[in-house]
Amino acid sequence: MHTSDIVIGLEIHVQLKTNTKLFCSCPTEAVEPNTSICPTCLGHPGSKPVLNEKALEYGTKLALSLGCKISPTVMFARKTYFYPDLVKNYQITQYEVPLGSNGQIILEDKKVVRIERVHIEEDPGALIHEAGSCLVDYNRSGIPLCEIVTAPDLTSPAEAREFMKKLMQILTYLGIFDQDTCIIKADANISIKEKNYTRVEVKNITGFKEIERALNYELQRQKQQEVKKETRGWDADKGITISMRTKEEEEDYGYIVETDLPIFEISQEWIRKVQQTIPELAEQRALRWMKEWKIDEDDARIIATDLDVAVLFEEIARKIDPILTARWTRREVLRLLNDKKKELRETEFNKEGLTELFKLLVEKKITDRIGQRIIEQLAEKKFSPIAYVKEQKLEMVAGEDILKKACEKAIAENPKAVEDYKKGEEKALMFIIGHVMKATKGTAAPNVVKELLKGLLK
Ligand code: ZN
Ligand code: MN
């Protein structure tokens, strides 16, 4: 049985970024409700589904990237249940034979999370609850989804979050998912040892931040309350899970083979062709930087996590010192994105500005402190750091005599600090350094100032 106190398994649904729906040619992007619809995605009698090859290709691409074995036989099934958003009273999915099976995702600490299956299926419509009534938008009916089912290998809410983040990163690198328009949703099974591993399913968790929140809540609830086998829904607004129903079993869905779609074989050659379209993923990229450019492992991995940042970094690093570029990308660019809670494309950061700035730093024309000030502004507006530094006279004070004068002045103006320093107070020296830095508008290198002051105060 389980060895961990907490056991979590995930079923994740991802919308694939195709132009048209899974079984008809309706566009996947529509603005007005119920405008991207046809007899097939509305389930009219006599309409017949036709498989979108792009969706099959995208699903295969994902399954291959997750290390899955691809089934040469492709077949679909009808999963029967009643819900107002489901036009045919069944969802076309894959049941008997999934597209991919036996894959894995490896987490940061090298832990392996097994992936049992990857299959494609159609999305139902969307229910919109509004002022006491319920509306249905069928634009979503028939949008292609990829479902990824993990083994119950996750052992904490934080790990579930990391898994989802990693999955999203792979999807983005593959270009089959759009973070702005596509939806990623998870249903999570969670059980704890204290309650005899009684399984509860939590449905409808959107995004990787929510998964940690939802599972943390459910974990605390299970510790405090009696746990019964059931399905609960995650209410993101209230931050709680709510009982929906006692869990139905797979057999309750009465799966039957979808006879409107042929069972067919995909060739090894087709699979190979799809394999060739898979780009270099984050891990491989990081390894290449470490090997070719001797980038620090942590820096490389963290930069590679975000595809946009990775591309930007690589373009700059090709032109100037990759190690300095990596350090500044990680410590400053990523830190600023994190502080601002923004994606790279939501800022003004660009290749030209950052290249100029890093060049100034490589050539030691400015101090790190000035560099930090400029990079903060580069996030907000486009400008030339080289011109700016010249204009504002921010070049590093090179002449030691100028610096020495500034130090002597600072000593003369701060007798109390000098006295404290001489009594052995290190902090007092920092105070005098601060004074010099202020007087030189941050253009002096702090370590040089420190040495100069130490010499003068001997
Ligand atoms: Zn349609
Ligand atoms: Mn599903």
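Counting starts at 1 for both ligands and their atoms, in listed order. The residues of the chain are indexed from 1 along the displayed sequence.
You'll find the side chain of W234 reaches within 4.5 Å of the side chain of R213, heavy atoms only. L51 has its side chain within reach of L22: a pair of non-hydrogen atoms, C-beta onward, lies under 4.5 Å apart.
Rounding to the nearest 10°, we obtain 100° for the angle at the Zn ion (ligand 1) between C38 SG and C26 SG. Between the SG atom of C24 and the SG atom of C41, the angle taken at the Zn ion (ligand 1) works out to 110° after rounding to 10°.
Taking the ring axis of F383 as reference, the NZ or CZ atom of K381 stays within 45° of it and closer than 6.0 Å to the ring centre. Judged by a 6.0 Å distance limit and a 45° cone about the ring axis, K79 is not positioned over the six-membered ring of Y90.
Neighbouring protein atoms of the Mn ion (ligand 2) (N, O or S, distance under 2.8 Å, waters ignored): H13 NE2, E121 OE2, E147 OE1.
The 12-atom threshold is not exceeded at CZ of R369, counting heavy atoms of other residues, nucleotides or ligands nearer than 6.0 Å. Heavy atoms from other residues, nucleotides or ligands lying under 6.0 Å from NZ of K364 number 12 at most.
Ring centroids of F23 and F76 are separated by less than 6.0 Å, placing the two rings close together.
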